[in-house]
Amino acid sequence: MVSPPRRIALMGAGLIGREHAQLLSRTPDTELVAIADPAETAKSVAEAHGARYFADFQTMLDDMRPDGVIIALPNVLHADAAIACVERGIPCLVEKPVADTLQAAIRIVEASERQSVSVLVGHQRRHSPDIAKAREMITTGALGRLVAVNAMWMADKPATYFDAAWRRQSGGGPLLINLIHDIDCLRFICGEIEEVMAFTSNAVRGFEVEDTASIGIRFASGALGTLLMSDTAVSPYNWDTAAGQALYFPHQPENAYFFSGTRAALALPMMDLWQHETEGGHWQEPLVKRHVTLDGSRAYENQLAHFLDVIAGRTKPLVSARDAMMTLAAIEAIARSARERRPVRP
Ligand SMILES: NC(=O)c1ccc[n+]([C@@H]2O[C@H](COP(=O)([O-])OP(=O)(O)OC[C@H]3O[C@@H](n4cnc5c(N)ncnc54)[C@H](O)[C@@H]3O)[C@@H](O)[C@H]2O)c1
């Protein structure tokens, strides 16, 4: 028996919303049935996809009763939008960060768990096989005991990116927009973060928000980590361009995450595995590099396939609202640590 296509509605037809719309349009067994966005430009996006247009997302939910909803709204609207879906029993995929504040994130978690309606959060990198493989290797001890982690997200955003005032103000900076993906990956791969110590700087751009940060991390496992972040430095060391998974960046193969254990070292996304030739080898003996070959290019496609499984009740969200709330808590701890110049536990 052929099942009818999943009827998906989209809230927000901005930068990432339009990417979701295109992805839905080229995915078999899904239909983009409606778009809600008060912006004039959203009408033509809806028209181009043969979807109904609404200015208001509550009206869209009531009129269309979709099977699932993708929420690509400004962060401050995530909680109201996700809860509107949950209250109607409709599973949603809400873009990251799960919400703009921890309090708002808790509202989503409580609603989703009380009503038993799934909320998947758009930390798409977790759906990439390289991140999944790294988690498997580290949790099964392929590197021995994990000792240290070094990760970088550094890139040079153009000046026009900051034309939107919110990107220059508190909450619109690269900690919450970009580094949150790396923090989410590190939590997924290495386990919970117990404590952070951070410095931030706005010395180059001079905006209210940070443009650069250096962060020390202690994981619950005892492993230590360092992170470097900047959105004003020319650099190939960021997951978005290094992994070739991003929707609107060039692919420049490089490594951005480095994991070191007592038996081996692993660098991602190139999946370089460094080990001694012989058991019991040490620093005066050569290391051999192997590649673990994977197709890591389909994070967004895999995320959508997973969301369709969540809608069908075949699986639970890989990134639940509660899980993403912990990632947000770690980012808030980093910001607080920099502000108060002291170690902070998320
Ligand atoms: N996972 C990723 O790779 C990724 C990438 C970019 C953005 N994001 C996230 O996606 C979200 C949206 O980011 P963006 O860059 O697309 O922002 P954007 O500003 O480009 O788009 C937001 C859209 O929401 C619309 N909107 C505002 N109020 C609305 C309302 N009440 N009802 C319906 N629509 C409304 C706006 O008109 C706009 O079109 C953010 O949470 C962001 O963090 C995720």
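For ligands, and for the atoms within them, numbers begin at 1 and follow the listed sequence.
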Ligand 1: protein residues within heavy-atom distance under 4.0 Å |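 Around ligand 1, where the cutoff is 4.0 Å for heavy atoms, the contacting residues are G12, A13, G14, L15, I16, A36, D37, P38, A39, F57, A72, L73, P74, N75, L77, H78, E95, K96, P97, G122, Q124, H181, Y248, Y300.
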
Does anything in residues 173-194 pair up under ring-ring contact (aromatic ring centres under 6.0 Å, His included), and if so which pairs, sequence neighbours excluded?
->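 Residue pairs passing ring-ring contact (aromatic ring centres under 6.0 Å, His included), neighbours aside: H123-H181.
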
Does the pair E95 and H20 meet the rule for a side chain to side chain donor-acceptor pair (under 3.5 Å), with working shown?
-> CA-CA 10 Å; E95 267 300 347; H20 282 298; 2.8 Å; yes

Check D211, D231, T232 against P174 for a side chain to side chain contact (heavy atoms under 4.5 Å, CB included) and give me the one that passes.
->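 The side chain to side chain contact (heavy atoms under 4.5 Å, CB included) with P174 is passed solely by D231 among D211, D231, T232.
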
Can we say E192 and R218 salt-bridge, meaning some charged N sits less than 4.0 Å from an Asp/Glu carboxylate O?
->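 No, E192 and R218 are not salt-bridged.
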
State plainly whether the residues K43 and E40 are in salt-bridge range, i.e. N to O under 4.0 Å.
->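 Here K43 pairs with E40 in a salt bridge, since their nearest N and O are under 4.0 Å apart.
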
Which of these passes side chain to side chain donor-acceptor pair (under 3.5 Å) with D182: Y257, W153, W239?
-> Y257

